[in-house]
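What follows is a single structure, written as C-alpha cells, with notes after it.
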Protein chains: 2
Amino acid sequence: MLGILTLRGPSMPVQKASVRDQIRRTLTERILAGHYQPGDRLIELQIARELGTSQGSVREALRELEASRLVESEPHRGTRVRVVSLCEMREAYQMRGLLEQAAAITAAKAFKGSVGSLRDEVQAVLRAAEVGDFGEQAAHVYAFHRAVVGASGNGVLLRLWESLAFETRVRVRLGWGPIDPKQVAASYEAILTALEEGNGRVAGRLLREHSGKFAPVSDQLDAD
Amino acid sequence: MLGILTLRGPSMPVQKASVRDQIRRTLTERILAGHYQPGDRLIELQIARELGTSQGSVREALRELEASRLVESEPHRGTRVRVVSLCEMREAYQMRGLLEQAAAITAAKAFKGSVGSLRDEVQAVLRAAEVGDFGEQAAHVYAFHRAVVGASGNGVLLRLWESLAFETRVRVRLGWGPIDPKQVAASYEAILTALEEGNGRVAGRLLREHSGKFAPVSDQLDAD
DNA sequence: ATCACATTATCGATAATCAATAATTTTTCG
DNA sequence: CGAAAAATTATTGATTATCGATAATGTGAT
C-alpha cells in the first residue's frame, strides 16, 4: 500500500505527508503534465486502487481539486478534468494583467535597486526557450510573475492571482506557438528597468500590456 | 435521520439536495449568521450526529468550506472558523474595489439607459438602513455590487469577486458603526448616473472610491 | 429501428473500526 | 509545593465493507 508515500527526500525535515495531500499532488501533477487530458474521467475507486488508498481519501482530494477548479463534477456522473474554454482563458489573462498591474504599484518599492533575483528568472526563461524546454520555461515565467505579485505584500492579491494559475497555465500546453525570445526579453527588460527605478506605475502598465500580448484579444478593461 | 433535508419549497423544481451540500449550506449559514464565532471549533462527529449524517460527509463539507476560506484546519488539530484579520479585510476591500472598477468599464454598456434594477437595490438598502435591518441592508448592498460585476460579462472576474465575499461580509458583523444613509445614497446615486450614461470609466472610478470609503486605509494601488 | 427492460459501473453515503496525534489530567518525585 | 513524566481522553486521519441511487450501456421484443 501507499505507493505514493515512497518519496521523502533525505534532507526533508518533518514534512507531514497526509494521504489526501499526496493524492491531490499526484493528480495535480498528472493534470498539469497532460497525463490526464481535459475531459478525462477520474474514477475514484480506480485511482484509489492504483495509489493504494481508500476511496474516501480520493474523494476528498477530488473535492479539493474541484475547489481549485482543475476538475469539475456532476452528481452521479463523476469527476473529469475541466475543459478551459478560449473565452475563459482570455478572461483569465485580462484578470492576471489587472492584478499584476495593481501588484506592481506597491511591489516596485520592494524591488527598487535590487531586481537581481527577477533578472535571474528572466535569464532562465530565455535559456529554457533556446533549449526548447517548455516546462522549464513556463516554470520560470511563473516564478517571475509570482515574485512580483508576492512582493506587493498583499496576501489577498496573491491568493486571487494564484487562483488563476490553472487557466493561465494550460496555455502552454495548448501550444499557441512558440514565443519569440527577443520580444520576451525586450518586454521583461522594460519591466525590470521600471521596477529597478521604483516606478511602479510604469511597471504596472508594462505588465498589463505584457499580459495582453499573450491573450489574443483587445483588453477592454483598461481604465487608463 | 437527515434532519436537514426537511426543507424543499413547494415550487422548487428538482433541486439535487446532496447530503454534502446540505451540510455545507447549514454550516455556511451558521458561520455567516455568527452562530459559530471566529475561532470556534467544528468537530466532525459532533456535527455529524447533530445533523444525522456520517462523519465522512461532514469531512467533505468542511474541506469545501476550507477551500472557500470560511474555515481553516491543521492536521490532527481540527477545523475552526477562520479569523479574518483587519489587515486582510483592508486588502480584500482594495481588491474588491479594483475588480469592481474593472467590471464597471464593460458593465456600463449593459446598463446604459436601464439602471432600474440597480436603483431598486439602492432603494432597498436605504429602506433597510432606516429600519435598522443590517442583514437586509447587507444583502442588498451585495446584490447591487454583484449585479454590476455580473453585468461585466466576465465570468472569471465574477468568480474572483465572489471569492472575496467572506472577507468583505464579516465587516457587517464586526459592526464598524452604522453608515450614514445620506452618504451612501449620494455615493450610489453618482455611480448610477455614470452607469446610466454608459460612462464606465467614471463609474469604475466611483466604485473604487466607494470601496475605499469603507476600508480604513488609503488605497495604495490606484494606478490612475 | 426503436422502445422497454435488465445489467453494469460508478457515485453518494453510511457504519464500524483502528492508529496517530494533540490536549488534558493525573501521578510521581525532587 | 511545583514541575516533569506518565496515563488518559478526545479527535482526527484513514481504512474496509456495504448499501441504495443513478447514469450509461447492452439486449431483446415488437
Side-chain angles (χ1 to χ4, degrees), chain A residues 1-8 12-27 30 36-37 39-67 70-83, chain B residues 1-8 12-27 30 36-37 39-67 70-83:
Chain A
M1 5 236 112
L2 294 177
I4 339 163
L5 296 176
T6 55
L7 25 138
R8 180 186 293 183
M12 241 168 186
V14 239
Q15 274 275 1
K16 297 281 169 194
S18 83
V19 172
R20 176 161 48 90
D21 281 358
Q22 290 290 349
I23 299 172
R24 185 171 44 68
R25 248 167 282 190
T26 302
L27 295 181
R30 291 187 181 179
Y36 295 142
Q37 291 287 314
D40 278 4
R41 288 216 29 205
L42 299 178
I43 290 149
E44 299 174 357
L45 270 173
Q46 196 172 293
I47 294 168
R49 274 195 282 268
E50 183 200 340
L51 302 183
T53 70
S54 70
Q55 183 187 4
S57 300
V58 175
R59 277 179 68 85
E60 287 184 79
L62 286 178
R63 292 285 90 77
E64 292 188 82
L65 292 186
E66 192 174 9
L70 266 79
V71 304
E72 60 191 350
S73 71
E74 289 173 283
H76 287 285
R77 305 207 50 243
T79 303
R80 46 188 75 224
V81 179
R82 196 161 74 87
V83 180
Chain B
M1 357 253 121
L2 294 177
I4 340 164
L5 296 177
T6 54
L7 25 137
R8 179 185 294 182
M12 243 166 184
V14 238
Q15 274 275 2
K16 298 280 169 190
S18 80
V19 172
R20 176 163 47 91
D21 281 358
Q22 291 291 349
I23 299 172
R24 185 171 45 69
R25 247 167 284 189
T26 301
L27 295 181
R30 291 187 181 179
Y36 295 141
Q37 291 286 314
D40 279 4
R41 290 231 9 220
L42 299 177
I43 290 149
E44 298 174 358
L45 270 174
Q46 195 172 293
I47 294 168
R49 273 196 281 268
E50 183 199 340
L51 303 183
T53 69
S54 69
Q55 183 186 4
S57 300
V58 175
R59 276 177 70 85
E60 287 185 79
L62 287 177
R63 293 286 89 77
E64 293 189 82
L65 293 185
E66 191 172 10
L70 267 82
V71 305
E72 61 192 349
S73 71
E74 288 174 284
H76 288 284
R77 305 207 51 244
T79 304
R80 46 189 75 224
V81 179
R82 196 162 74 87
V83 180

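Proteins get letters first, then strands, A, B, ... in listed order; numbering begins at 1 in each. Please read these numbers as outputs of a predicted model, since none were measured by experiment.
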Sequence neighbours left out, what passes side-chain hydrogen bond (donor to acceptor under 3.5 Å, both in side chains) with [X]? Give chain and number order.
X       : value
A/Arg82 : A/Glu88, A/Glu167
B/Thr79 : none
B/Arg30 : B/Tyr36, B/Glu50

Table of protein N/O atoms under 3.5 Å from nucleotides 9-13 of chain D N/O atoms:
{"residue": "D/dT11", "atom": "O3'", "partner": "B/Arg41", "partner atom": "NH2", "Å": "3.0"}
{"residue": "D/dT12", "atom": "OP1", "partner": "B/Arg41", "partner atom": "NH2", "Å": "3.4"}
{"residue": "D/dT12", "atom": "OP1", "partner": "B/Glu44", "partner atom": "N", "Å": "3.4"}
{"residue": "D/dT12", "atom": "OP2", "partner": "B/Glu44", "partner atom": "N", "Å": "3.4"}
{"residue": "D/dG13", "atom": "OP2", "partner": "B/Arg59", "partner atom": "NH1", "Å": "2.9"}

Query - Set of salt bridge (charged side-chain N to carboxylate O under 4.0 Å, His left out) partners for B/Arg80, sequence neighbours left out - result: none

Query raised in the report: Is any side-chain N of the basic residue among A/Arg63 and A/Glu60 closer than 4.0 Å to the acidic one's carboxylate O?
Result: no

Query raised in the report: So what does A/Ser54 hit on the nucleic acid, given a heavy-atom distance under 4.0 Å: a base, only sugar-phosphate, or nothing?
Result: base

Query raised in the report: Should B/Thr53 be listed as having a side-chain N or O under 4.0 Å from OP1 or OP2 of C/dA13?
Result: no

Query raised in the report: Just how far, in rounded Å, is P of C/dG12 from CG of B/Leu51?
Result: 19 Å

Query raised in the report: How many Å lie between CD1 on B/Ile47 and P on C/dT14, as a whole number?
Result: 14 Å

Query - Inter- and intrachain pairs under salt bridge (Lys or Arg N to Asp or Glu O under 4.0 Å), touching residues 39-49 of chain A, at least two apart - result: A/Glu44-A/Arg59

